[in-house]
Amino acid sequence: MTAQPPLTPFQQRASDAVREVQAAICAGLEAVEREAGSDARFLSDEWTRSAGGGGLTRILQGDVIEKGGVATSLVFGELTPAFAAQLPGTGTNFFATGVSLVLHPRNPFVPTVHANFRYIEHGPKRWVGGGADLTPYYFFPEDKQHFHGVWQRYCDEHPGIGDYERFREWCERYFHLKHRGEHRGVGGIFFDNVNVDEAQPGHEDRLLGFIRDGGMRFLDAYLPILQRRAGTSYGPEQRRWQELRRGRYVEFNLLYDRGTTFGLKTGGRTESILMSLPPVVQWGYCVEPDPGSPEHDLLVELRRPVPADEPSSLAH
């Protein structure tokens, strides 16, 4: 990767942390494939960005995970003035590093999952962002409870940065398909532009510790759900429902997702940015399942109310 100008010591530590998270998650997912009798391994694709930086995209196509991507990036340079004006901070110089993942399982009873944890600098302003959310095709309350429980404990263990109730509601608002009147999934946590008082000793270490720990918690949040559901039998109708619901996932990522927008507007690698899209998708016309069916139960959950906006800006 291009490294001009040289990274600051903290920027290097942040980059090392997201690579460490990536390695741990990929190792855990490969172990799941081995347990299922699959020899699938992540393919590694290192890329460079001509304007500064690059990344490592790792892709898995296995028996359990139909398509999964776990990617790190480290990018820096100049923003366009128009895009810079939309971000906290001043000037056009920026630095960003993070780890991002999306896993699309083969079995319709296993939910799709997304997570990312990132550190960004824009001029003198620095912040962290990220989160994790779960997108099931069949709704199991105990899976939602487990997933949220992991992230609540994570937030509670980082006082002054983590705020589970606020991040949970933020996730509810963010991952909402306004044009459909549906949530993308059962939620989780989402946060952006989060910082701590820079006058406090060790504030940088607290920020870095927060995003590193978040990445390391991912397997605890997801693997018990995956292992509980991966052996469930299914047929063509369940598969068709999964592919129809995957269409909603595509709609959100292309219409609303900030990470997609940030990556494309900063000259990121298109193939890596769009790794989040599922391999097989359907779009039906006015598909509504029968009331009382498992598919209808999912829609009841996804059409829950959206929390009211916070009275002040979320970007603080």
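Keep in mind that this is a model prediction, so the values were computed, not measured. Quick note: residue numbers are just sequence positions, from 1.
Of all non-hydrogen atoms in H183 and L177, the two that sit nearest each other are C-CD1, 4.1 Å. The heavy-atom pair separating E30 from F42 by the smallest distance is OE2-N, 2.9 Å. The heavy-atom pair separating R240 from V287 by the smallest distance is NH2-CG2, 4.4 Å. Closest approach of G185 to L302, counting heavy atoms only: O-CD2, 3.5 Å. The nearest pair of heavy atoms linking L208 to A17 is CD1-CB, 3.8 Å.
Applying ring-ring contact (aromatic ring centres under 6.0 Å, His included) to Y154 and the options F167, F210, F191 leaves one that passes, F210. Exactly one residue among R166, R173, R258 makes a salt bridge (charged side-chain N to carboxylate O under 4.0 Å, His left out) with D192. That residue is R258. A side chain to side chain contact (heavy atoms under 4.5 Å, CB included) with R19 holds for exactly one of V99, L74, T72; it is T72.
Taking the six-membered ring for Trp and the full ring otherwise, the centers of F109 and Y234 sit at least 6.0 Å from each other. Between F10 and Y119, the gap from one ring centroid to the other is short of 6.0 Å.
The aromatic rings of W151 and F117 sit tilted, their planes meeting at an angle between 30° and 60°. Aromatic ring pairs are classed by plane angle as parallel below 30°, tilted from 30° to 60° and perpendicular above 60°; the pair W170 and F190 is perpendicular.
Sequence neighbours left out, the pairs with a member in residues 133-155 that pass salt bridge (charged side-chain N to carboxylate O under 4.0 Å, His left out) are D133-R184, E142-R229, D143-R228, D143-R229, K144-E301.
Atom CD of Q11 is separated from atom OG1 of T97 by 9.5 Å, given to the nearest 0.5 angstrom. Between atom NE2 of residue H179 and atom CZ of residue F252 there is a gap of 10.0 Å, rounded to the nearest 0.5 Å.
Side-chain atoms of H176 and Y256 form no donor-acceptor pair, as typed in the model, at a separation below 3.5 Å.
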Item to complete: Just do the ring-ring contact (aromatic ring centres under 6.0 Å, His included) check on H114 and Y249 with the steps written out, would you?
Response: CA-CA 11 Å; H114 157 260; Y249 203 93; 7.4 Å; no

Item to complete: Before giving the answer on salt bridge (Lys or Arg N to Asp or Glu O under 4.0 Å), spell out for R246 and E243 the whole-Å C-alpha distance, their side-chain angles and the decisive distance to 0.1 Å.
Response: CA-CA 5 Å; R246 282 176 171 179; E243 293 173 0; 5.2 Å; no

Practice prompt. Give the C-alpha distance, both sets of side-chain angles, the deciding distance and a yes or no for side-chain hydrogen bond (donor to acceptor under 3.5 Å, both in side chains) between N195 and W127.
Written response: CA-CA 5 Å; N195 206 337; W127 68 91; over 6 Å; no

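A cation-pi arrangement is present between R245 and W241 under the rule of less than 6.0 angstrom and at most 45 degrees off the ring axis.
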